[in-house]
Amino acid sequence: MESKKNTKPAKLKIRKGDLVQVIAGDAKGSQGKVTEVIIDKNRAVVEGVNMISKHTKPNAANPNGGIVKQEAAIHISNLALVEPKTGKPTRVGRKTNDAGKLVRVSKKSGEEIK
């Protein structure tokens with residue numbers, strides 16, 4: 001059996017700060033900004049999407065404890081980047097620009113994604 005410790009994580013096409021749309025699952029159709037990307041698990045946390053109820057003990061920040069709503073991580077394969085121009089979800093490719101730098105490119109319009 002092979003160990004996965006030495007394998008390099010996959011290059012993800014979604015980054016922190018991107019506007020994404022959920023294309024599969026319970027939250028299908030909803031949009032939000034990516035707040036965190038968990039590379040080794042291929043997951044991302046999206047603002048206002050995939051909300052869960054977490055039971056918390058009383059602490060300094062929350063003296064009463066109770067149930068707190070928060071975002072849970074969602075798999076990258078269930079997300080699509082929203083193209084800034086059209087506002088519709090698009091797939092992401094990679095190309096080298098004029099300066100020789102590798103950049104993300106929209107598959108629908110062919111435009112560079114900032």
*If we only count heavy atoms from C-beta on, is the Q70 to I52 side-chain gap below 4.5 Å?*
yes

*Taking all non-hydrogen atoms of both residues into account, name the closest pair between S53 and I67 and its distance.*
CB-CG2, 3.6 Å

*Measure from the side-chain N and O atoms of S106 to the backbone N and O of E83, and report whether any donor-acceptor pair falls under 3.5 Å.*
no

*Determine whether more than 12 heavy atoms belonging to other residues, nucleotides or ligands lie under 6.0 Å from atom CG of D26.*
no

_As an exercise, state the distance from NZ of K11 to CD1 of I39, rounded to the nearest 0.5 Å._
8.0 Å

*T35 versus V46: any side-chain heavy-atom pair under 4.5 Å?*
no

*asked:* Hydrophobic cluster membership, with links at side-chain heavy-atom distances under 4.5 Å among I/L/V/M/F/W/Y: are V82 and V34 in one?
replied: no

_For the CD1 atom of I113 and the NZ atom of K13, what is their distance to the nearest 0.5 Å?_
10.5 Å

_Approximate separation, where rounding is to 0.5 Å, of T86 OG1 and E111 CD_ = 9.0 Å

*Min side-chain heavy-atom separation I74-L79 under 4.5 Å*: yes

*Between CG on residue N64 and CG on residue N62, distance to nearest 0.5 Å*: 6.5 Å

_Do L12 and N42 make a side-chain contact, defined as non-hydrogen atoms from C-beta onward lying under 4.5 Å apart?_
yes

Donor-acceptor pairs under 3.5 Å, side chain of residues 16-25 to any protein atom, not counting sequence neighbours: which ones?
residue	atom	partner	partner atom	Å
D18	OD1	R104	NH2	3.2
D18	OD2	R15	N	2.8
D18	OD2	R104	NH1	2.8
Q21	OE1	Q31	NE2	3.1

*Criterion side chain to side chain contact (heavy atoms under 4.5 Å, CB included) against T96, the qualifying member of V103, V105, L102*: L102

*From R43 CZ over to S77 OG, what is the distance, rounded to the nearest 0.5 angstrom?*
8.5 Å

_Exercise: identify the closest heavy-atom pair between V49 and A27_ = CG1-CB, 3.7 Å

*Output yes when a side-chain donor or acceptor of E47 lies under 3.5 Å from a complementary backbone atom of G32, and no otherwise.*
no

*Hey, is the main chain of A73 close enough, under 3.5 Å, to the side chain of N50 for a donor-acceptor pair?*
yes

*Give a yes or no answer on whether the side chain of K108 reaches the backbone of P89 with a donor-acceptor pair at less than 3.5 Å.*
yes

